[in-house]
Amino acid sequence: MKKRDKKQLLPGIVVAAAISFLVFLYAPVDLYCSNISEFWFDFGILIRASLGLFLISTVVLLLIYIVLWLIHPVLYRIGLAGGFLGLICTYIQGNFLIRNLPPLDGTTIRWEEYTTFLRTEDFILWGIGFVVVVLMYIFLKRDLLSKTVMYLSGGLTLMLLITAVSVVFTSGALQEKVHYQYGADEQFVMSEDQNFVILLLDTVDSRTITELLDEHPEYSEVFRDFTYFENTVGAYSCTERSVPYILSGDWYENDEPFDDYGKRVYQESPLFQTLQERGYNMELCDSELYMDTELMHMFSNIHVVDFELSSYTKFAKPLLKLIGFRYAPFELKKMCTFKKAAFAELLQVENTPEETSCSESDHVFKSQLDLQGITVEDSSKKFKFIHLNGAHVPYIYDKDMNIINELDGTYEQSAQATMVGAMDYVEHLRNSEAYDNTVLIVMSDHGYNGSLGQSGEATWMRQCALLLIKGRNEHHDTMQISQAPISFEDLQEAYVRLLDGRRSDEVFDWKEGDARERRFLRYSFLDDDHMQEYIQTGYASDMDTMIPTGREYNR
């Protein structure tokens, strides 16, 4: 029997390492660096987990190649060709065939809507790849095939390594994250002097609320001391840009790093400046906003804490799903549905004060409110900004805010549940001694056109934001509904007037019947580097009068 040259194993080593590097090092690093703000954990946690998976995968694949080599050289070469096919197709799959993937925003993915197109893409990619590799196997001699596969795999890996290193250093991934806890112990404690509360309900569309008010007159009774500004145009399509604008009135136009803008929001916000000048104690319950150790001192409920990973073993499962969702063939993608909550469940908070944390869950917020109630104390004036998930996906509530299977939920049910929670807050406040001395704004960051069955450009317009306002010592016999053409551009002046003691119907200069142009920047959270400017020349919900200006803000 002819003795085999162990040097023949070198191509197998290279291919095994190349496949493992692509899937378990390059893929997670690329995903992390492209979405740093989406993950609570530092790059160090990711790279330790990825290195472990890389080593395990390399050893397993290498053992497979050794077995094939020991059985027969032909099987070994077939294994090399198959590994090269998987390497190339997986690389193309995860880097070039991602535009039509469903979003991972919490929406329940209906895979049947994607099957035809994505399966066709897979068939073409893997079919062409298979034919190319078969032709290589047929026309290249034994050693030439092995060397070709080795050099191509090694070259691709070197290219990916250079890319990954560059991305890591330019994305800021190596900067250690500072983690904050947003305390909730004082969330339902009001001042007997003055209070200013903004209750922001994510993704609540004013058209849906109008329908609910028509169907449920009792809602209007709860909000009888409010003015509902039904004809309000928001600022942006999605939360990340909308909330800073609500707090600052400063437009972000993709002309600077978003973190620089986020920091300036606090430093230059007319609202925050006025609150500080007037001696308000400020509380912030929105962990998605920019924060740093200097700005945290503006708010009484924010503390620095340490975030630790509870288990690297359990961490591997959601990490593999995240990788698979982007890099795996279509049939395997369906097994890789991923939600950020899977990572959040592994979060272990250390060095934390003995204080409960704010929750953006409507259900948790309502439960805590019903348990604690609203109390009043002799203290300085209080400002509270509370951001709840509202009607955002996933749709896990029925109309009464009972938790249900998200597959059975709808946007309309979630919007109704959100209003049930908001009304609960209003009633608790009304039954406390703080009702008359409290300004309360119940609003959304943006609307939701998807509920109208629209698609494409119209889906991301989302211009119809909710806006309900009650001033201090304001009382009506019934809820007022204003058709004045209001824009989020008007909010900063309205805040000051409310702080001055003006009623809700006195905070805007615009009146019903006035004609004006209202600016709106449309974008998708899937492509926030590309924003288009529109002007609403008519009623807020009229899509025919949402006129594109032709101006775009890209980076």
Side-chain angles (χ1 to χ4, degrees), residues 1-31 50-98 119 121-167 320 323-324 326-333 336:
M1 181 175 178
K2 185 178 178 181
K3 187 176 181 180
R4 297 177 190 173
D5 187 354
K6 292 182 180 179
K7 291 182 180 179
Q8 294 175 347
L9 280 175
L10 182 58
I13 296 173
V14 173
V15 172
I19 294 172
S20 300
F21 179 85
L22 170 65
V23 176
F24 298 115
L25 278 177
Y26 175 79
V29 166
D30 180 51
L31 288 165
S50 298
L51 281 171
L53 291 171
F54 165 75
L55 292 173
I56 292 171
S57 172
T58 301
V59 170
V60 170
L61 290 176
L62 182 56
L63 288 174
I64 292 173
Y65 278 126
I66 290 174
V67 171
L68 293 177
W69 178 71
L70 290 173
I71 294 174
H72 200 282
V74 172
L75 284 178
Y76 177 61
R77 289 195 297 274
I78 292 174
L80 288 176
F84 181 70
L85 171 65
L87 174 68
I88 296 301
C89 289
T90 300
Y91 168 71
I92 295 173
Q93 188 109 42
N95 290 276
F96 300 100
L97 301 183
I98 57 176
R119 187 178 283 163
E121 278 188 340
D122 276 11
F123 180 79
I124 294 172
L125 170 63
W126 288 85
I128 293 175
F130 181 78
V131 170
V132 170
V133 170
V134 168
L135 291 175
M136 288 174 60
Y137 188 88
I138 292 174
F139 290 103
L140 296 179
K141 295 181 179 180
R142 292 178 299 179
D143 290 342
L144 184 57
L145 173 67
S146 298
K147 289 180 180 180
T148 300
V149 167
M150 179 178 68
Y151 289 133
L152 290 176
S153 299
L156 176 61
T157 302
L158 180 60
M159 180 190 75
L160 294 178
L161 176 61
I162 294 171
T163 302
V165 170
S166 174
V167 168
L320 289 172
I323 296 167
R326 180 163 172 173
Y327 282 82
F330 175 71
E331 294 301 329
L332 294 180
K333 286 186 193 297
C336 297

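Just so you know, residue 1 is the first one in the sequence shown, and it goes up from there. Note that these values count all heavy atoms, side chains included, but never hydrogens, waters or copies made by symmetry.
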pair [X]-[Y]: side-chain heavy atoms closer than 4.5 Å:
X      : Y      : answer
Ser166 : Thr163 : no
Glu331 : Asp122 : no
Val149 : Pro11  : no
Ile88  : Leu152 : no
Phe24  : Leu320 : yes
Gln93  : Glu121 : no

#### Entry: Test side-chain contact (heavy atoms from CB on, under 4.5 Å) applied to Phe96 and Tyr91, step by step
CA-CA 8 Å; Phe96 300 100; Tyr91 168 71; 3.7 Å; yes

Mind listing the side-chain donor-acceptor pairs of residues 12-22 below 3.5 Å, one per line with the distance, residues two or more places apart or on another chain?
{"unit_1": "Ser20", "atom_1": "OG", "unit_2": "Ala16", "atom_2": "O", "d": "2.9"}
{"unit_1": "Ser20", "atom_1": "OG", "unit_2": "Ser57", "atom_2": "OG", "d": "2.7"}
{"unit_1": "Ser20", "atom_1": "OG", "unit_2": "Thr58", "atom_2": "N", "d": "3.1"}
{"unit_1": "Ser20", "atom_1": "OG", "unit_2": "Thr58", "atom_2": "OG1", "d": "3.3"}

Calculate, to the nearest 0.5 Å, the distance between atoms [atom1] and [atom2] belonging to [X] and [Y] respectively.
X      : Y      : atom1 : atom2 : answer
Met136 : Leu144 : CE    : CG    : 8.5 Å
Leu31  : Arg326 : CG    : CZ    : 5.0 Å
Leu160 : Asn95  : CG    : CG    : 7.5 Å
Ile66  : Ile71  : CD1   : CD1   : 12.0 Å
Leu80  : Thr148 : CG    : OG1   : 11.0 Å
Phe130 : Leu85  : CZ    : CG    : 8.0 Å

Contact summary for [X] and [Y], nearest pair of heavy atoms:
X      : Y      : answer
Gly129 : Cys89  : CA-SG, 4.3 Å
Ile323 : Ala27  : CG2-CB, 4.0 Å
Phe84  : Ser153 : CD1-OG, 3.5 Å
Thr90  : Gly86  : OG1-O, 2.6 Å
Tyr327 : Tyr26  : OH-CE2, 3.6 Å
Ser146 : Arg77  : OG-CG, 4.2 Å

#### Entry: Gln8 and Asp143 side chains, donor-acceptor separation under 3.5 Å
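On atom types as modelled, these side chains do not qualify, holding no pair under 3.5 Å.
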
